[in-house]
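All remarks here apply to the structure that follows.
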Amino acid sequence: MAVYLDPPLWPAHGTVFSHLVSDTSLEELHAFAEAAGIPERAFDGDHYDVPERRYQDLLSAGAIPVEARILVRKLIASGLRIPARQRSKALTVPLLERWNSALPGHEELGFELLERWGEDHRKYHSRTHLLAVLEALDLLTEPGPPARSVTLAAWFHDAVYEGIAGQDEEQSARLAEDRLALAGLPEPTIHEVARLVRLTSTHSPEPGDRLGALLCDADLSILGAEPTAYARYLAAVREDYAHVSDADFAAGRAAVVRHLLALDPLFHSERARSLWLDAARRNLEAELS
């Protein structure tokens with residue numbers, strides 16, 4: 001177990017930055033960063049960005065200096081590295097391209113939503129999650145594209161996120177109603193988008209609600225991830241609720257997991273079940289135990 005630090009070579013915000021990583025676990029990395037007084041906002045999925053002025057302090061605290069290429073190798077070998085395309089900060093261009101395909105001529109609204117999804121306090125409910133939901137919709141509807149209403153609902157479903165279940169979905173739905181009305185969309189489309197957004201509060205669409213089933217399945221697709229990605233998801237969710245004590249988070253998370261395991265069905269479409277159901281049940285049951 002060790003924490004590594006590369007030289008301060010990476011320019012940003014008028015200084016240069018180092019990367020701080022663990023070769024073992026994110027828990028070790030977070031514990032080291034907290035003890036060293038590195039703020040949570042400096043974490044970027046698999047490493048901390050630390051300014052040059054902190055370099056010697058971190059070495060004194062026990063970080064091991066290595067060349068940048070060695071640090072990358074150690075991060076890859078640990079299994080903790082996040083591919084560049086999965087990093088929230090790197091997704092502005094591909095997400096904006098998707099937005100312009102879904103609602104051309106409204107780039108300003110797209111930028112507003114991207115700013116919301118990129119807020120500093122978001123760890124799991126970030127642009128990475130947004131892209132994952134959009135890609136899951138593609139998987140579930142291929143070879144055809146998703147309906148525009150469900151795509152727009154994906155964009156708005158966590159557009160307001162303060163970590164308050166039920167309230168976040170309601171505020172996101174109201175935001176969709178307001179912004180899409182200003183964009184001039186037909187009233188039935190606006191109502192359908194808002195309905196779908198509200199549905200992500202329970203993930204329990206009525207029988208025959210094909211679009212509701214699509215969005216709920218896509219939103220929960222992370223549950224069927226392979227173990228490393230699922231562990232990363234859990235760590236990010238914990239960071240989303242960093243303001244909650246460990247005991248309260250554990251109790252609340254256990255209730256969420258029990259709710260998910262009790263959903264019948266957990267995934268609604270045959271394609272979603274074939275893609276994610278078995279792994280999702282394994283992940284949830286392992287987490288609860």
Side-chain angles (χ1 to χ4, degrees), residues 1-91 117-129 131-132 163 222 225-250 252-253 283 286-287 289:
M1 295 172 57
V3 172
Y4 295 90
L5 186 68
D6 66 3
L9 299 172
W10 316 102
H13 309 298
T15 186
V16 287
F17 284 78
S18 296
H19 299 139
L20 185 73
V21 308
S22 166
D23 67 349
T24 305
S25 70
L26 292 179
E27 290 76 13
E28 178 189 34
L29 180 62
H30 293 319
F32 183 94
E34 182 178 5
I38 301 173
E40 291 181 8
R41 64 178 180 274
F43 182 64
D44 188 17
D46 56 14
H47 70 273
Y48 281 85
D49 294 312
V50 292
E52 181 179 23
R53 60 182 174 78
R54 295 301 316 277
Y55 183 76
Q56 291 298 330
D57 295 341
L58 296 175
L59 295 184
S60 298
I64 300 171
V66 292
E67 297 177 25
R69 60 185 177 85
I70 301 299
L71 181 139
V72 171
R73 289 177 186 172
K74 289 184 176 295
L75 189 57
I76 292 172
S78 73
L80 299 174
R81 191 187 191 196
I82 299 177
R85 67 175 305 280
Q86 295 181 19
R87 293 185 183 280
S88 183
K89 295 176 183 177
L91 298 181
W117 282 95
E119 291 166 337
D120 286 343
H121 68 278
R122 297 172 181 251
K123 300 304 177 184
Y124 171 65
H125 296 86
S126 65
R127 294 175 187 173
T128 303
H129 172 60
L131 180 60
I222 183 61
E226 52 86 21
T228 300
Y230 191 78
R232 188 176 293 125
Y233 150 70
L234 292 180
V237 169
R238 181 65 186 101
E239 286 187 76
D240 270 353
Y241 291 90
H243 57 285
V244 177
S245 70
D246 287 342
D248 287 346
F249 177 80
R253 179 64 191 176
N283 287 331
E287 183 182 350
S289 64

Exercise for the section: State, yes or no, whether a side-chain contact exists between Arg253 and Leu234 at a heavy-atom distance under 4.5 Å. Expected result: yes
Practice task
Report yes if some heavy atom in the side chain of Tyr241 is under 4.5 Å from a heavy atom in the side chain of Asp248; otherwise report no.
Solution key: no
Handout entry: Residues that Asp57 engages under salt bridge (charged side-chain N to carboxylate O under 4.0 Å, His left out), provided they are two or more places apart
Key = Arg54
Completion exercise
Hits for salt bridge (charged side-chain N to carboxylate O under 4.0 Å, His left out) against Asp246, two or more places apart or cross-chain, chain-then-number order -> Arg238
Distance from [X] atom [atom1] to [Y] atom [atom2], nearest 0.5 Å?
X: Leu29; Y: Leu75; atom1: CG; atom2: CG; result: 9.0 Å
X: Phe17; Y: Asp6; atom1: CZ; atom2: CG; result: 12.5 Å
X: Asp23; Y: Glu28; atom1: CG; atom2: CD; result: 6.5 Å

Practice task
Check ring pair (Phe, Tyr, Trp, His ring centres under 6.0 Å) between Tyr233 and all other residues, then give those that pass, not counting sequence neighbours.
Solution key: Tyr124, Tyr230
Fill in the blank from the handout: Per side-chain contact (heavy atoms from CB on, under 4.5 Å), Leu5 is matched among Val21, Ile64, Val50 by Val50
Exercise for the section: Verify, without hydrogens or angle tests, whether Ser78 (side chain) and Thr24 (backbone) share a donor-acceptor contact under 3.5 angstrom. Expected result: no
Exercise for the section: May I ask you to decide if Ile70's main-chain N or O and Glu67's side chain share a donor-acceptor pair within less than 3.5 Å? Expected result: no
Problem - Glu40/Lys123 ion pair, N-O < 4.0 Å - result: no
Problem - Derivation of the side-chain contact (heavy atoms from CB on, under 4.5 Å) call for Arg53 and Thr15 - result: CA-CA 9 Å; Arg53 60 182 174 78; Thr15 186; over 6 Å; no
Problem - Polar contact flag, side-chain donor to acceptor under 3.5 angstrom, Tyr48-His30 - result: yes
